[in-house]
Amino acid sequence: MASKPLNNIWIRRQQCPCGDWKCYIRLEGDESTTTYNLTKTEIESTSPSSPSPQLSTPYVGQIFRTDDEAFEYYTAFARKTGFSIRKARSTESQNLGVYRRDFVCYRSGFNQPRKKANVEHPRERKSVRCGCDAKLYLSKEVTEGGTTQWYVSQFSNVHNHELLEDEQVRLLPAYRKIQQTDQERILLLSKAGFPVNRIVKLLELERGVQLPFIEKDVRNFVRACKKSVQESDALLNEKRESDLMELLESCKGFAERDIGFVYEFTSDESGKVESLAWAYGECVQGYSMFGDVVVFDTSYRSITYGLLLGVFFGMDSNGNAILLGCVLLQDESCSSFTWALQTFVRFMRGGHPQTIVTDIDTGLKDAIERELPNTNHAVFMWHVVSKLGSWFSQALGSHYDEFRAGFEMLCRAGTVDEFEQQWDLLISRFGLVPDRHAALLYSCRATWSPCCVRQHFLAQTMTPEFSMSIDSFLKRIVAEPTCMQALLEEFNYCRGFIILESLQVSVAASLAKQIPQRVPYPTMKTCMPMEDHARAVLTPYAFSVLQNEMVLSLQYAVAEMANGPYILHHFKKMEGECCVFWNLENEEIHCSCKEFEHSGILCRHSLRVLAVKNCFHIPEQYFLVRWRQESSLVTEENQNGMGIGDDCVQTFQSLTETLLTESMVSKDRFDYTNQELSALIDRVRNIEPANTCITHDC
């Protein structure tokens, strides 16, 4: 009989790319982890149990929306005051359910005598309970509007014992919590043979502040886990093999329903699945149009199965992230990444991207150099900056903020030579020459330093908005623990949000001439003829980016040099001049900032020169195909837009909006819509197109 699938739990990768297995990363700005580089005050202020500065003493009649909210409030008050609380009695009825909650001081009541164990010298444990009368009683009521709320019916803050100071109250059992990420770190060190006292010291060194738990808690946790880990390791391995085989069977089922669905896997000598990759039918179509820049995200790994999740993304003409493929890897080695890249290229019919964007990882870097030798490699600057605290805050101490400021100046270097000079000065100034993390950064500088990355085409993938859209997509996948077999459905479901949203924008943009009032384009801001020209060619997203450059171009002064180029200065900023070359005969324009080469959108400096030279239209070669209205996942060929009448257009637009709204209500609705639309598209394609135009009312 098949075993029940395990719930799959995902966490962010925390192994440092420096190669030292003991080196542990906590990302700055990541809400899902606790940063090691905060001060004690900052940690207490972000702790769920730390009181707010506006926290006041509870009072009779105080209203709370839920009993959990009241418990959190009283817990915060208790910690601030110097004691802890526990839940006591609760009362319920058939109509109201639980309608009373009692919270009391941890020293409330008296310890009941227990039956002594049948041993020669039983341990006598002294009880902390002393009959303290401090309490907060809650009662539930139903308001006139029909909503329920809780109010404080009794409150007493009279204690018959001493209250504790801050340094003592944190040691109470109620406040000594070992978070999930700390538990994983403790188990890793314990398996490596570290004794408990060294584990605690290492965690303290990594954090730089006092831990929210003590050595006794770590010892108890390790002791409790050892037995369960030993017992469950064999079961976990068995379930991992079983669940991966069932995931493979799910891939086979998908391939039968979706003719474009592809998958590959590797197995060991005994036939057990090691790594698995797949791509949906629309992925190849999306890659054929927007495969110039690929983002390979490897942020999450499964702590249940020990697998790394890799997801390939692209950016469409509307600025949306599009899913191109997925992979589960057995480890983070160069060989695993090599297989992932080889498989992705096969899925995409041999096409190599112009640029690939990843996290900083030496194994992945080597794999890209081997498998994609003609592809530019870039690293998200956020991935670099978010690791600086873990790498350098402990070593630099109070000088870390000064180092961060120097690093930000380094990132503004205009040339490679300038970057090299500033790097040497920065590293020497803070004594980081022998530091392995500084050496890692320098060895990968060509992938993350802005002066180098600016030479590569990246569309708009480096913007914070695009990074947030990818992060939002992945968080929808990993938000809830799901079994491995459900992973395909989860990706397909979340992919549907992007496809339908992109479909709606694309259809609206393509119908601009039929229904001008419904087009989601930004309003005109400069009234320049070039702006109107761009509005008719570019997608709403690309036009909004170009329009912003047009607005900013008005802030630049232009000076024409004797030998042809134009020098531009900002009217306020005295530094950072740009040099623009304009060839009237060939209608070619080049700027030293290289924004067009970097994003495919003309920069403010070039637009300013075009305006000064009385150009009323932007040369066609500066409207890249990927940013044009026709470069959509809904192409003109598929739309069959031969003189479509206004009434038909409005009807189709209304149906599209309704379909999008209704299908996103639940996963069942989306699955049904996806299945029916696929069948409908197949039937429509089998209809021979007539040579007549659709001009009659629908």
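- If you check the side chains of Ser56 and Tyr73, you find a donor sitting under 3.5 Å from an acceptor.
- Taking the six-membered ring for Trp and the full ring otherwise, Phe103 and Phe71 have centroids separated by under 6.0 Å.
- Here the options are Phe403, Tyr400, Trp391, Phe407, the test is ring-ring contact (aromatic ring centres under 6.0 Å, His included), and the partner is Phe430; only Phe403 passes.
- With Tyr175 as the aromatic partner, Arg79 meets the cation-pi criteria of under 6.0 angstrom to the ring centre and within 45 degrees of the ring axis.
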*Go through Leu164 and Phe83 one step at a time and tell me if the side chain to side chain contact (heavy atoms under 4.5 Å, CB included) criterion holds.*
CA-CA 6 Å; Leu164 304 177; Phe83 66 102; over 6 Å; no
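- Atom CZ of Arg176 is surrounded by more than 12 heavy atoms from other residues, nucleotides or ligands within 6.0 Å.
- Checked against Asp67 for a side chain to side chain donor-acceptor pair (under 3.5 Å), the options Arg101, Lys87, Arg100 give a single hit: Arg101.
- Note on ring orientation: taking the six-membered ring where Trp is involved, the planes of Phe296 and Phe312 are parallel (angle under 30°, cut-offs 30° and 60°).
- Contact record, Lys177 with Phe213: O-CD2, 3.4 Å, taken as the closest heavy-atom pair.
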*Could you go step by step and tell me if Arg170 and Asp166 meet the salt bridge (Lys or Arg N to Asp or Glu O under 4.0 Å) rule?*
CA-CA 6 Å; Arg170 75 176 188 86; Asp166 288 343; over 6 Å; no
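- Shown here are the ring pair (Phe, Tyr, Trp, His ring centres under 6.0 Å) partners of Tyr99, two or more places apart in sequence or in another chain: there are none.
- In summary, the side chains of Asp401 and His399 do not present any donor paired with an acceptor at a separation below 3.5 Å, with no hydrogens or angles considered.
- There is no side-chain donor-acceptor pair under 3.5 Å between Thr66 and Asp68.
- Here the closest heavy-atom approach between residue Val379 and residue Val357 is recorded as C-CG1, 4.5 Å.
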